[in-house]
Amino acid sequence: MELANTLYGRGNEQIDFLRTVRWIDEWFTLVSAEHGVTAPAGMGRDAERVRMLRDCVHSLLSAAVDGRIPDKVPLERVNGFAAAAPTHLRLDWTGAAGPLSRWLDTTTGTTAVLGRIATCCIELLTGPEAGKVRRCQGPGCSLIFIKSHPRRRWCHPSCGHRDRQARYYRRHLTPGAFQ
Ligand SMILES: [Zn+2]
């Protein structure tokens with residue numbers, strides 16, 4: 001979802017937060033720090049594939065928000081990214097804690113990272129939160145978020161604040177009020 005949200009706005013007013021190699025590197029550094037994981041350095045070297053996955057995830061999540069069936073191309077591409085980085089369960093059983101399992105990647109570098117993101121996208125669209133994917137109602141905002149409580153309508157409280165403000169002004173101010 002965060003990857004999809006690197007494309008901000010709609011139509012001609014779109015802003016791409018992954019538009020340069022440096023921006024891609026910085027975005028992955030920032031997001032990995034937030035999630036307490038390490039992304040391999042130099043994700044930007046694979047800029048084309050990063051942006052392709054982003055566009056595909058964005059179009060699948062948009063289809064989910066709009067309640068329609070997505071195009072085949074993004075669907076197949078996301079499946080392709082996931083298939084390129086299969087994971088498998090590994091069993092560890094050495095200490096008093098007993099048998100422990102963990103998921104292991106079979107690939108490294110950008111392929112592993114993009115594969116994991118594609119897998120997350122599939123899990124999100126088919127998991128318990130699938131029906132909660134929404135587009136922000138804030139003025140001028142188009143970000144996608146998960147509706148974490150029934151009344152939530154914005155990607156972030158600041159969008160909610162701007163939305164309420166915009167409505168207040170629409171209600172209380174008539175055109176020419178400042179003249
Ligand atoms: Zn928003």
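Just follow the structure's listing: the first ligand is 1, and inside any ligand the first atom is 1. Side-chain atoms are counted along with the backbone in the values below, which use heavy atoms only and exclude waters and symmetry mates.
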Any salt bridge (charged side-chain N to carboxylate O under 4.0 Å, His left out) pairs touching residues 36-54, not counting sequence neighbours? Asp16-Arg54, Asp46-Arg49
Salt bridge (charged side-chain N to carboxylate O under 4.0 Å, His left out) partners of residues 111-127, not counting sequence neighbours, each pair once: Asp105-Arg116
Could you go through Leu125 and Leu60, starting from their C-alpha distance and side-chain angles, then the distance that decides it, and tell me whether this counts as side-chain contact (heavy atoms from CB on, under 4.5 Å)? CA-CA 8 Å; Leu125 286 167; Leu60 296 188; 3.9 Å; yes
Under 3.5 Å, which donor-acceptor pairs link side chains of residues 88-98 to any protein atom two or more places apart or in another chain?
unit_1, atom_1, unit_2, atom_2, d
Arg90, NE, Asp92, OD1, 3.0
Arg90, NH2, Asp92, OD1, 3.3
Asp92, OD2, Arg102, NE, 2.8
Asp92, OD2, Arg102, NH2, 3.2

Less than 6.0 angstrom from the centroid, inside 45 degrees of the normal: does Arg164 satisfy that with respect to the ring of Trp154? yes
Steps toward side-chain contact (heavy atoms from CB on, under 4.5 Å) verdict (Glu2, His35): CA-CA 11 Å; Glu2 281 165 80; His35 291 269; 2.9 Å; yes
By residue and atom, what protein N/O/S atoms are less than 2.8 Å from the Zn ion (ligand 1)? Cys136 SG, Cys141 SG, Cys155 SG, Cys159 SG
